[in-house]
Amino acid sequence: MTTRGGAGAEQRGLAPRAGRQSPAGGPGGPPPILSGETSDEVLRKLELTVRRRLDGLLQGNHLGLIPGPGSEAGESRTYHPGDDVRRMDWPVTARTTVPHVRQTIADRELETWVVVDLSPSLDFGTARCEKRDMAIAAVAAITHLTGRGGNRIGALVTTGEQVIRLPARAGRMHATTMLRKIVATPRSARGRRGDLAAAIEMLRRPPRRRGFAVVVSDFLGEPSWERPMRALAVRHDMLAVEVVDPAELELPSVGLLTLVDPETGELLEVQTGRRALRDRYAAAAEVQRAEIAAALRRAGAAHLRLRTDRDWLLDIVRFVAARRRGASGGALR
């Protein structure tokens, strides 16, 4: 329930002092990163989960990033005056007695960069896993969906204490190594705030070839990240993955609760048995999430919200399917 700002206790949303709550992941949740498991075991479980449920569902050609007709053969269509006669599809023309031309697919190499926010506000979870685990699972799914056919993927990991740059390379071995390094990223000490805006700015400069940029965070606190994200969206296709825990949206009625902000160390006692307090908290949280969604829209980023109490793979499938339907209808890029 952590945020990096806000005027009141209801809006800050703090983590229980007793420690992080991260029960084992359910059937639809990612495997939690527990102290009893090595990073290799966690990644093996995560890879099996992602591949089993995403293989064959979302793979497909992406549009070329360089202007031009492409070179890979596609479908045929009826000839129209002005079409290049060198692209005539003579077998189809002979079979139908109607002139047809062969379309081509501009399927070229894609470079994807992921900015992963692992600041202390993500070291919290009250459902199937911590928000940190959900962020890593989202990176694993993105890697699986974009890392084929010679495509390259890299990452910038911000923790509040440092920014780790993992260069973009192709191949499954690189993707596994990148995920292993993200999983092994040490947690920051309490009282440290991650600078998401600086990490996004590092991705924007120096300028890179046009590609796909993904930002995975809870986007809490002051939206200083909006301006660099808007500048990044001018050149790249942008996706913002917002990670949310249900306790950040509604306070449970558990009596007197001692809360601590992991990024400032501030303590606060809240009487959650008061219905009026819980209602004010829910209203403030709704306003906060609406402001985050509005800022992401202004920045020109597609918005995917993943919750620690939901089947995140199903949410990803639905999101990508909706994007493809919109793209085919001209509604989305």
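One is the number of the first residue; the rest follow in order along the sequence. These figures come from a predicted structure and were not determined experimentally.
For the atom pair R307 CZ and C129 SG, the distance stands at 12.0 Å (nearest 0.5 Å). In this structure, CE on M229 lies 12.5 Å from NE2 on H236, to the nearest 0.5 angstrom. Taken from CG in L232 to CH2 in W225, the straight-line distance is 13.0 Å, to the nearest 0.5 Å. The distance from atom CD of E161 to atom OG1 of T185, rounded to the nearest 0.5 Å, is 11.5 Å. Rounding to the nearest 0.5 angstrom, the gap separating the CG atom in D218 from the OG atom in S121 is 3.5 Å. Going from atom CG of L304 over to atom CD1 of I142 covers 8.0 Å, rounded to the nearest 0.5 Å.
With sequence neighbours excluded, no residue satisfies side chain to side chain donor-acceptor pair (under 3.5 Å) with H174. Under the rule for a side chain to side chain contact (heavy atoms under 4.5 Å, CB included), the partners of A240 that lie at least two apart in sequence or sit in another chain are F219, L296, A301. Not counting sequence neighbours, R165 has no partner by the salt bridge (charged side-chain N to carboxylate O under 4.0 Å, His left out) test. Qualifying salt bridge (charged side-chain N to carboxylate O under 4.0 Å, His left out) partners for R152, counting only residues two or more places apart in sequence or in other chains: E109, E111. For T177, the side chain to side chain contact (heavy atoms under 4.5 Å, CB included) partners at least two apart in sequence or on another chain are M173, R180, K181. Take A175 and apply the side chain to side chain contact (heavy atoms under 4.5 Å, CB included) test, not counting sequence neighbours, and it matches T143. Residues forming a side chain to side chain donor-acceptor pair (under 3.5 Å) with R227 (at least two apart in sequence, or on another chain): none. Partners of D89 according to the side chain to side chain donor-acceptor pair (under 3.5 Å) rule, which considers only residues two or more places apart in sequence or in another chain, are S76, R102. Remark: S253 engages R278 in a side chain to side chain contact (heavy atoms under 4.5 Å, CB included) (not counting sequence neighbours). Partners of E286 by salt bridge (charged side-chain N to carboxylate O under 4.0 Å, His left out), not counting sequence neighbours: none found. Scored by the salt bridge (charged side-chain N to carboxylate O under 4.0 Å, His left out) test, R275 finds D279 as partners (sequence neighbours excluded).
Of all non-hydrogen atoms in A285 and L249, the two that sit nearest each other are CB-O, 3.7 Å. The two residues P228 and E201 have their closest heavy-atom pair at CB-OE1, 3.4 Å. Heavy-atom minimum distance, M238 versus F212: C-CE1, 4.5 Å. When every heavy atom of H100 is checked against every heavy atom of T93, the shortest pair comes out as N-OG1, 3.0 Å. Considering every non-hydrogen atom in both G160 and S188, the closest pair reads N-OG, 4.1 Å. What you find for R280 and R274 is that their closest heavy atoms are NH2-NH2, 4.2 Å.
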Chi angles and distances behind the side chain to side chain contact (heavy atoms under 4.5 Å, CB included) call for R305, R310: CA-CA 10 Å; R305 178 178 292 177; R310 287 176 54 92; over 6 Å; no
Worked verdict on I292 versus L220 for side chain to side chain contact (heavy atoms under 4.5 Å, CB included): CA-CA 8 Å; I292 292 173; L220 297 176; 4.1 Å; yes
Test log, rule side chain to side chain contact (heavy atoms under 4.5 Å, CB included), inputs D315 and F319: CA-CA 6 Å; D315 288 339; F319 173 81; over 6 Å; no
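V101 belongs to a hydrophobic cluster whose remaining members, ordered by chain and number, are Y79, V85, M88, W90; membership requires side-chain heavy atoms of ILVMFWY residues under 4.5 Å apart, directly or through intermediates.
At a threshold of 4.5 Å between non-hydrogen side-chain atoms, the residues L118 and I182 count as touching. In this structure the side chain of K131 never reaches within 4.5 angstrom of the side chain of D117, judged on heavy atoms. The side-chain heavy atoms of T158 and M202, taken from C-beta on, include no pair separated by under 4.5 Å. Side-chain contact between E248 and R289 is present, with at least one heavy-atom pair separated by less than 4.5 Å.
Between the side chain of T308 and the backbone N or O of R128 there is no donor-acceptor pair closer than 3.5 Å. Side-chain atoms of N151 come within 3.5 Å of backbone N or O of T146 as a donor-acceptor pair. Judged by distance alone, the side chain of T272 and the main-chain N or O of L251 form no donor-acceptor pair under 3.5 Å.
L256 and Y281 sit in two unconnected hydrophobic clusters of ILVMFWY residues. Membership requires side-chain heavy atoms under 4.5 Å apart, directly or through other members.
Between T126 and D245, the side chains place a donor N or O and an acceptor N or O closer than 3.5 Å (distance only, hydrogens not considered).
Each of V139, V116, L239 was checked for a side-chain contact (heavy atoms from CB on, under 4.5 Å) with V214, and the lone residue meeting it is L239.
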